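Nothing here was measured: the structure is a model prediction, and the numbers come from that model. Atoms within a ligand are numbered from 1 in the order they appear, just like the ligands themselves.
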Amino acid sequence: MDMPLDIPTERSSQLAQRLRRSLPGGDTRTSTYYAPFPLSLSEGKGCRVRDVDGNEFIDLLSNFTALVHGHAPDTVVRSLHEQALMGTAFPAPGEAQASLAEAIRDRVASIELMRFTNSGSEAIMMAVRAARSFTGRAAIIKIDGGYHGSWEQVPMDVGSEASLRGIPDSSLDLLHTVPMNDVQALENMFALRGSEIAAFLIEPVMGEGVLVASDDYLAAAKELTEEYGALLVFDEVISFRLGFGGRQGQVGVKPDLTTLGKLIGGGLPVGAFGGRRDVMESFDPTRPGNLEHAGTYNGNAMTMAAGLATLDLLSADEIGRINSLGEHFTAELDRLLVQSALDGRATGCGSLTHVHFELNSEGMPAKFADMRLSSPLLKQFHRASLDQGLFFATRGLMCMSTAMDEEVVDEMLGAFTLAIEKVEGKVRVG
Ligand code: PLP
């Protein structure tokens, strides 16, 4: 069912046809697709974006949480301009890389040494490589539904045939999954496989559904990884935005390794991994038998400049402000959905929000299996929201940026009220 939008989409439609001639499905990211074609966005400032037909939206996605200050913040643009005039890429280290690494290490106590990559996916690859090399083991454990990028070793949904297609059995043999927040299941897994496990990989707050790992669960994960000699890896590519020292700073559990991405690149492609000195030292080229980690754009000058300007703006106060804004927004959106005929819920954690429809469970989702990834109602809600000038992920992920305030939140809630009414009208008629 294609469900055309009510807003003008002529130019996006024409561009979609042109894009499809060169790119399968008309884009380069699976997650950006929705039927009949995704709108092409052409510009953004602060929390507002515009598409090629001139439609304006409040951007609740901020490039999947990466643009923590919204689009084109003045100081980031200035830093990029200054850096571009001096050159964009050098096969050598530089001052901005030192400064960004220091800014991150000042915030995240567990990161003693770190390295930059071009994406979160690469950061995960290298963190797992480091864990495998350090422990001399090959297998990893991850959470059901945990998303760690496009590397074949960490498919998001091992229950989905499509998500496993093209991945050799030899990779899958090295992967074990456990449901979120089930300490017993994790204990059982370690009891069964403990001596084979190099790392337990977990997002402290899962992007998929914004499921929050409980403090007790993370503490148990720390104990079990220590007991069995595996490394605990926190994927904070998304959750870093939740606290000054990432989510780990809030829960007080220190992982062995951490992966970062998204916001630390200030809107440019980035990833990073780091943690215990004794693990990360294996990348030091002055050491015999060091691990290889190359990359033409690793630590790229433009990315470092944008990341540094972004972290400079991201004070503890600002993080607290957007977390409060997000909590208020999530609670109000949940109230609107619960009162509606749509059987929806909004869950969240600080500045992150996720909407759910047609859940497989009673009440709020507690694990991946409770969520319904492709709910027809979610699709309708997404289309109706676009018509009301609200832009977020087709799968229901939303976030606050520092470009937002109470007034914008009220504006969004007003628009969501109208979107919900529109879908209710269709549900009643249908
Ligand atoms: N880890 C998490 C938690 C993510 O959300 C993502 C991307 O959405 C990744 C890793 C992969 O990052 P990238 O898209 O930069 O490869």
Does the pair Arg105/Glu102 count as a salt bridge with the N-to-O cut at 4.0 Å?
-> no
Where ligand 1 meets Ser119 - atom numbers and elements under 4.0 angstrom, heavy-atom basis = 15 (O), 16 (O)
Any luck finding a side-chain donor-acceptor pair between Ser110 and Gln248 under 3.5 Å?
-> yes
For ligand 1, is any non-hydrogen atom under 4.0 Å from Tyr147's backbone (N, CA, C, O), its side chain (CB onward), both, or neither?
-> both
Using the side-chain hydrogen bond (donor to acceptor under 3.5 Å, both in side chains) rule, pick out the option among His382, His356, His354 that qualifies with Arg395.
-> His354
Does one side chain, of Thr117 or Asn298, offer a donor that lies under 3.5 Å from an acceptor on the other?
-> no
Give the residue, atom name and distance (to 0.1 Å) of the protein heavy atom nearest atom 12 (O) of ligand 1.
-> Gly120 CA, 3.2 Å
Nearest to atom 16 (O) of ligand 1, what protein heavy atom do you find, and at what distance?
-> Ser121 OG, 2.6 Å
Are Arg241 and Glu236 close enough for a salt bridge, meaning some N to O gap below 4.0 Å?
-> no
Sidechain N-carboxylate O distance under 4.0 Å for Arg48, Glu56 = no
Check each atom of ligand 1 against the heavy atoms of Asp235 and keep those under 4.0 Å away; list them by number with element.
-> 1 (N), 2 (C), 3 (C), 10 (C)
Nearest heavy-atom pair of Tyr217 and Pro179: which atoms, and what distance?
-> OH-O, 3.7 Å
So, for atom 14 (O) of ligand 1, does the protein have a heavy atom nearer than 4.0 Å?
-> no
Can you pull out the closest protein heavy atom to atom 9 (C) of ligand 1? Residue, atom name and distance to 0.1 Å, please.
-> Gly149 N, 3.8 Å
Where's the contact between Lys262 and ligand 1, heavy-atom distance under 4.0 Å: side chain, backbone, both or neither?
-> side chain
Taking NZ, NE, NH1 and NH2 as the nitrogens, is one of them in Asp74 or Lys45 under 4.0 Å from a carboxylate oxygen of the other?
-> yes
Is ligand 1 less than 4.0 angstrom away from at least one heavy atom of Glu236?
-> no
Answer yes or no: does an N/O atom from Ile238 fall short of 3.5 Å to an N/O atom of ligand 1?
-> no
Ligand 1 atoms in contact with Glu203 (distance to a heavy atom under 4.0 Å) | 3 (C)
